[in-house]
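Just so it is clear, the structure is predicted and the values come from calculations on it, not from any experiment. Heavy-atom basis, side chains included; hydrogens, waters and symmetry copies ignored. In what follows, residues are counted from 1 in the order of the sequence shown.
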Amino acid sequence: MNEPKRGRMMLRSKDVAEMLDISISTIRYYEKIGIIPPIERNANGYRIYTNSTLNWIYLMKSLRNAGVSIESLLEFSRLSQVKGPERKKQKQVLEDQLNEIEGKIAEMQRVRNLLSYKIETYDDHIAKFQSGELTSETAEELWKVKF
């Protein structure tokens, strides 16, 4: 068997799946629908994974795990095939996704702070309800608190 060229790895799909923590079926699905470019094959039909291919798989897996839609991934991939100024729209897709993720992170941080507050004040809160100091009418208004 010929030695692989520089930047090409003779890895089995199973090895890539384990290395990148992604299922083989997901890799094949991403390739089939065009989220990742077609993976080159050798004369025997085995996939040849280049650094670029591995980067694509890793990036798409990471973006998908962060909640980026299949449609956005397809648009990003489509733009990678475009020549000229339209190619710069690919960067905008990434910026849009980053902004969306930052919004989700901010919301998760607010919920985290709310949960921390509820855990910290739980015993006192229950004791006040049991003593009658708090009622459903006098309970705090959580929606007015900035977390």
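Taking each heavy atom of R41 and I48 in turn, the nearest pair found is C-CD1, 3.8 Å. Taking both residues in full, the closest heavy atoms of P37 and E31 are given as O-CG, 4.2 Å, listed atom of the first, atom of the second, then distance. When all heavy atoms are compared, the tightest approach of F76 to V93 is CB-CG1, 4.0 Å. Here the shortest heavy-atom pairing between I22 and T26 reads CD1-CG2, 3.6 Å. For Y117 against L142, the heavy-atom pair with the smallest separation is CE2-CD2, 3.9 Å. In this structure, K61 and L20 approach most closely via the heavy-atom pair NZ-O, 2.9 Å.
The closest donor-acceptor contact from the side chain of D15 to the backbone of R12 lies under 3.5 Å. Panel note: side chain N42, backbone N44; a donor-acceptor pair is recorded below 3.5 Å.
Here E75 pairs with R78 in a salt bridge; the nearest charged N to carboxylate O distance falls below 4.0 Å. Using a 4.0 Å cut-off between charged nitrogen and carboxylate oxygen, K104 and E107 do not count as a salt-bridge pair.
No side-chain N or O of S77 forms a donor-acceptor pair with one of S80 less than 3.5 Å apart. Inspection of the D96 and Q92 side chains reveals an N or O donor paired with an N or O acceptor under 3.5 Å. At a cut-off of 3.5 Å, with distance as the only test, a side-chain donor of S23 or S25 sits close to an acceptor on the other residue.
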Using side-chain contact (heavy atoms from CB on, under 4.5 Å), reason through R112 and L115 one step at a time and then give a plain yes or no.
CA-CA 5 Å; R112 182 190 180 284; L115 289 173; 5.8 Å; no

Do R110 and L114 pass the side-chain contact (heavy atoms from CB on, under 4.5 Å) test, and can you show the C-alpha distance, the side-chain angles, and the key distance before you say yes or no?
CA-CA 6 Å; R110 283 189 291 278; L114 170 61; over 6 Å; no

Stepwise side-chain contact (heavy atoms from CB on, under 4.5 Å) test for L11 and R47:
CA-CA 8 Å; L11 298 171; R47 288 172 172 84; over 6 Å; no

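One finds the CZ atom of R64 at 13.5 Å from the CG atom of L59 (value rounded to the nearest 0.5 Å). With values rounded to the nearest 0.5 angstrom, H125 atom NE2 is found 6.0 Å from E140 atom CD. Note that CG of D21 and OH of Y58 are 10.0 Å apart. Values are rounded to the nearest 0.5 Å.
Outside the 6.0 Å centre-distance limit, the rings of W56 and Y49 are not counted as a close aromatic pair.
The same ILVMFWY cluster, assembled from side-chain heavy atoms under 4.5 Å apart, contains both L74 and Y30. Note on I70: it clusters hydrophobically with L63, by side-chain heavy-atom contacts below 4.5 Å among ILVMFWY residues. Linking ILVMFWY side-chain heavy atoms closer than 4.5 Å, directly or via other members, places I36 and V82 in a single hydrophobic cluster. The cluster map of Ile, Leu, Val, Met, Phe, Trp and Tyr, joined by side-chain heavy atoms under 4.5 Å apart, puts M19 and I27 in the same cluster. In the hydrophobic cluster analysis, where Ile, Leu, Val, Met, Phe, Trp and Tyr join through side-chain heavy atoms closer than 4.5 angstrom, I101 is grouped apart from V111.
Counted within 6.0 Å of CD on E141, heavy atoms from surrounding residues, nucleotides or ligands total more than 12; the atom is thus considered enclosed. The 12-atom threshold is not exceeded at OH of Y29, counting heavy atoms of other residues, nucleotides or ligands nearer than 6.0 Å.
Between Q97 and L94, every side-chain heavy-atom pair lies at or beyond the 4.5 Å cut-off.
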